[in-house]
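Computed from a predicted structure; not experimentally measured. We number each residue from 1, following the sequence as shown.
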Amino acid sequence: MNVKNTPNVSRRAFLAGAGTTTAALTMGFAMLPLGMSAADAAGANMFSPSMFFDIHPDGRVVVHISKSEFGQHVGTALAQILSDELECDWNNVEIAYVDYDARFGLMITGGSWSVNWSFDAMSRAGAAGRKVLIEAALTKFGGAASDYTAENSVITGNGHTISYADLVASGVEARTMTEAEVAGLTLKTADQRRFVGKDIEALDIPDKTRGQANYGIDVEIDGMVYATPATPPVRYGASVKSVDDSAAKEIAGYIKHVVINDPIGTQTGWVMAVADSYWTAKKAAEALKIEYDLGPNTGVTLADIHAESARLIETKEANLLVVNDGDVDAALKASDTQHEATYTTGMNLHMALEPMNATVEVKDGVYHIHAGSQFQTLVMGLVPAALGIEADKVVFHQQLLGGGFGRRLDADYVVMAVLTARELDTPVKMIYSREADTLFSFSRPAATIKLTAGTTGKAIDAWDSSSSSSWANARMAPGFLLPDLSGNEDNKYDPFATNGADSWYTIANRRVTNSNNAIAQGAAPAGNVRAVAPTWQFWAGESFVDEIAHSVGADPLEMRLAMLDGAGQNAGSGATTDGAKRLAKVLETAAEKGGYGKDMGAGTAVGLASVSSQERAAATWTACAAQVTVDKATGEFTVDKLTIVTDVGTAVNPRGVVAQVTGAAMWGFSLATMEEGDMQDGAITASNFDGYTPARMPDAPEIVVEMIESGHYPVGAGEPATTVVAPAIANAIQIAVGARVRSLPITADKVKAAL
């Protein structure tokens with residue numbers, strides 16, 4: 001990577017521009033010549049037509065992956081897309097996860113965006129490379145371009161046959177292709193594809209199973225030392241008054257401590273203990289005696305956060321208008337029956353198995369950072385700002401991630417490491433202890449959602465959604481904030497706190513408002529936990545639809561299907577073409593496959609939910625039928641089976657999609673029934689897996705996944721199923737025993753109280 005091509009980005013400039021539209025994120029091919037010559041390690045010719053891949057003279061095709069890998073095998077899917085159009089031999093395909101380079105555009109892995117954002121760009125990169133190779137063969141052998149075909153890394157035409165390897169070894173002359181030319185390339189139809197749509201083994205599995213894959217925590221640099229934090233007793237807002245390290249100095253291997261004064265405020269009140277090993281650093285951190293100013297959030301509790309959200313919803317003083325269709329107030333007044341309910345979620349943590357870490361080496365004034373990140377562009381915006389240096393003095397070396405789930409979208413662990421490195425004259429590996437990783441996570445926010453609806457007969461005439469929580473992107477990426485519908489450009493909301501409230505149901509009069517809870521924003525800075533807002537917005541919305549249906553004597557399935565008529569904006573366009581109709585199809589299929597409506601005996605029932613996660617513009621149509629058995633005497637319940645049906649448009653690697661959907665459903669089950677974070681006295685109460693308990697293997701229900709192949713443009717698979725499970729379980733419990741639970745997690749005590 002040539003870091004001098006990296007633009008100078010101030011924190012303000014970066015954050016202001018971080019909300020670039022998806023359409024602008026695909027690479028512009030005119031930025032690099034196609035067919036430019038390069039040399040491989042042996043000095044031989046190498047075909048490097050763009051940033052997306054190389055072909056070596058031995059025939060190897062190395063696909064460059066700018067997305068982060070943390071178990072979803074994204075590199076294999078992206079390689080399938082490119083290789084299909086390149087017409088190469090899959091046996092020669094390799095993948096390489098690249099370091100940060102601004103020319104890749106916004107380097108971020110989240111939101112189930114990777115395949116959706118990359119499919120067209122990777123397809124055209126492959127097609128453009130194939131075109132240039134055929135032109136090179138044409139130059140060598142003569143004839144017309146129409147004489148030549150390419151298949152399985154071999155070009156045939158005009159009486160000649162030549163492999164990609166031999167052609168590259170002989171040299172391929174540089175060729176610039178304009179954006180218009182690339183946009184005009186004819187891509188394969190579905191029936192012509194050889195790799196897309198096929199179950200292909202993930203290319204990264206062998207290295208992982210052999211222990212050869214490099215994660216951030218595996219990085220070793222000669223002469224490096226170790227650092228780990230001593231953390232304050234409140235989540236945010238503390239500052240260090242004094243440090244006594246006399247006890248730490250008695251520990252062999254202790255080097256020093258570093259007080260972290262982070263000018264951009266990613267974490268507050270931290271002191272790093274530095275030593276010759278991690279365990280020595282951890283022991284020294286525990287021995288430091290630190291006096292703190294605990295700041296303004298020392299008394300905040302989870303109950304305080306929910307109370308403030310409820311107050312904001314009732315007073316409407318901070319409401320921002322997100323959706324405003326028809327006349328909700330008039331429709332509510334005119335309706336036969338009004339319905340109202342409030343739903344809540346608690347704080348939920350990421351709990352990645354590889355704790356946050358980064359290794360930093362400063363060479364000739366340049367900071368070389370080795371870490372796994374989901375948002376490399378954010379790192380490259382915040383690190384120079386924190387250090388007060390130019391961006392060309394930072395090089396980010398991407399590593400594999402041992403778990404992410406949104407946690408590594410944040411850059412605090414990198415900032416902590418570089419601020420520590422600035423105080424040392426040797427490379428440093430900084431590792432969060434498990435306790436620091438848990439206590440100082442950027443949690444899923446505690447959210448409150450109040451819903452009001454009006455019905456006439458069995459039809460919903462009006463829908464009013466008002467929610468409040470802290471906003472992750474007000475803190476980490478304000479460029480993602482959007483102007484609300486008030487007409488005041490200063491009124492901006494975080495769409496990642498409202499996605500899911502703008503459902504695909506046809507309701508003539510609908511309003512969605514949202515407010516930022518300042519108490520939560522200060523005391524419990526939110527992050528983006530897997531699936532983000534749809535995990536609480538669909539929890540509320542899909543639960544409320546069932547409540548309304550039961551109240552008016554309607555069947556919940558039939559009520560949903562009646563609203564999924566695809567009228568108006570709900571017809572969709574582009575990747576969301578056929579919109580609500582596709583959602584209706586997965587819902588009907590889930591109901592049929594999952595046994596909805598069948599008599600399963602006392603205490604057992606199937607509940608439904610249907611979602612369009614992650615965002616309306618990139619919806620993945622997903623439905624769940626949850627079979628649940630409830631003991632009415634105790635409230636104890638068992639989730640017997642989850643039937644998930646999903647339409648991802650085009651499944652690039654169907655086996656990979658099923659694995660992702662299964663994992664997402666399991667995550668949703670864990671959030672719905674097991675995970676409960678808390679805050680007391682300004683601190684997250686759990687510090688390890690004994691105090692925060694995600695589902696274990698014995699807890700897992702049977703999970704059945706079915707895909708509907710619609711052939712539309714591909715959308716994401718990693719998160720949508722997470723958002724559909726909780727409401728389906730709650731709806732099943734209501735059908736089984738008549739108990740309605742409105743707060744997550746769903747527990748036996750809450751079921752019993754609702755009976």
Side-chain angles (χ1 to χ4, degrees), residues 29 32-64 75-96 119-178 181-201 203 652-653:
F29 286 83
L32 288 172
L34 283 146
M36 69 182 187
S37 297
D40 68 4
N45 289 332
M46 182 169 69
F47 178 59
S48 298
S50 71
M51 296 184 69
F52 294 101
F53 72 101
D54 304 318
I55 301 180
H56 292 250
D58 60 3
R60 287 180 298 122
V61 177
V62 181
V63 182
H64 302 159
T76 302
L78 298 183
Q80 285 178 249
I81 297 166
L82 185 143
S83 299
D84 218 325
E85 292 290 346
L86 182 61
E87 274 295 352
C88 62
D89 181 348
W90 182 258
N91 292 320
N92 293 335
V93 175
E94 301 175 4
I95 54 177
F119 188 85
D120 187 71
M122 298 297 276
S123 296
R124 294 187 184 280
R130 171 167 47 93
K131 178 179 175 64
V132 173
L133 286 166
I134 288 176
E135 289 175 349
L138 174 64
T139 300
K140 184 180 289 289
F141 300 124
S146 58
D147 296 335
Y148 290 85
T149 59
E151 184 176 352
N152 208 37
S153 290
V154 175
I155 297 173
T156 303
N158 197 30
H160 296 273
T161 297
I162 188 168
S163 69
Y164 285 3
D166 289 342
L167 187 59
V168 168
S170 69
V172 177
E173 189 173 340
R175 152 90 152 90
T176 298
M177 190 177 291
T178 67
E181 286 180 282
V182 174
L185 291 169
T186 299
L187 302 180
K188 291 183 177 182
T189 55
D191 61 312
Q192 296 172 324
R193 294 170 181 152
R194 296 197 300 130
F195 304 136
V196 169
K198 302 299 189 294
D199 291 331
I200 293 178
E201 292 290 346
L203 294 171
V652 173
N653 188 315

Show the numbers, then the answer: is there a side-chain contact (heavy atoms from CB on, under 4.5 Å) between Thr156 and Glu151?
CA-CA 8 Å; Thr156 303; Glu151 184 176 352; over 6 Å; no
A side-chain contact here means heavy atoms from C-beta on lying under 4.5 Å apart; do Val132 and Pro49 qualify?
no
With a 4.5 Å limit on heavy-atom distance, are the side chains of Ile95 and Leu78 in contact?
no
Would you indicate whether the side-chain heavy atoms of His64 and Asp54 approach each other to under 4.5 Å?
yes
Polar side-chain atom of Asp147 near backbone of Gly157 as donor-acceptor pair, under 3.5 Å:
no
From Lys188 atom NZ to Arg193 atom CZ, the distance as rounded to the nearest 0.5 Å
9.0 Å
Taking all heavy atoms of Val63 and all of Ser83, pick out the closest pair and write down the distance.
CG2-OG, 4.5 Å
Here the gap from Arg124 atom CZ to Leu185 atom CG, rounded to the nearest 0.5 Å, amounts to 6.5 Å
Contact summary for Cys88 and Val61, nearest pair of heavy atoms
CB-CG2, 4.0 Å
Of all the heavy-atom pairs spanning Leu82 and Ala125, show the shortest one and how long it is.
CD1-CB, 3.9 Å
For a 4.5 angstrom cut-off between non-hydrogen side-chain atoms, does Glu87 reach Thr149?
no
First locate atom NE2 of His160, then atom CD1 of Ile155, and finally report the distance between them rounded to the nearest 0.5 Å.
13.0 Å
What are the two closest non-hydrogen atoms of Ser123 and Ile81, and how far apart are they?
OG-CG2, 3.2 Å
Check for a donor-acceptor pair, side chain of Asn653 on one end and backbone N or O of Ala77 on the other, with a separation under 3.5 Å.
no
Spacing of Gln80 atom CD and Trp90 atom CH2 [to the nearest 0.5 Å]
5.0 Å
Is Ser153 close to Ser163 at the side-chain level, that is, under 4.5 Å between some pair of heavy atoms?
no
Does any non-hydrogen side-chain atom of Tyr164 lie less than 4.5 Å from one of Asp89?
no
At their closest point, which heavy atom of Leu167 faces which heavy atom of Lys140, and how far apart are they?
CD1-CE, 3.9 Å
Verdict with supporting geometry, Arg130 and Glu85, salt bridge (Lys or Arg N to Asp or Glu O under 4.0 Å):
CA-CA 7 Å; Arg130 171 167 47 93; Glu85 292 290 346; 3.2 Å; yes
Evaluate the side-chain contact (heavy atoms from CB on, under 4.5 Å) criterion for residues Phe141 and Ile162: first the C-alpha distance (whole Å), next the side-chain angles of each, then the deciding distance (0.1 Å), finally the verdict.
CA-CA 10 Å; Phe141 300 124; Ile162 188 168; 3.8 Å; yes
Quick check: closest heavy atoms across Leu203 and Thr76, and the distance to 0.1 Å?
N-OG1, 2.8 Å
Got a second to check how far Leu86's CG is from Leu133's CG, nearest 0.5 Å?
6.5 Å
In this structure, CD1 of Ile134 is separated from OG1 of Thr139 (nearest 0.5 Å) by 12.0 Å
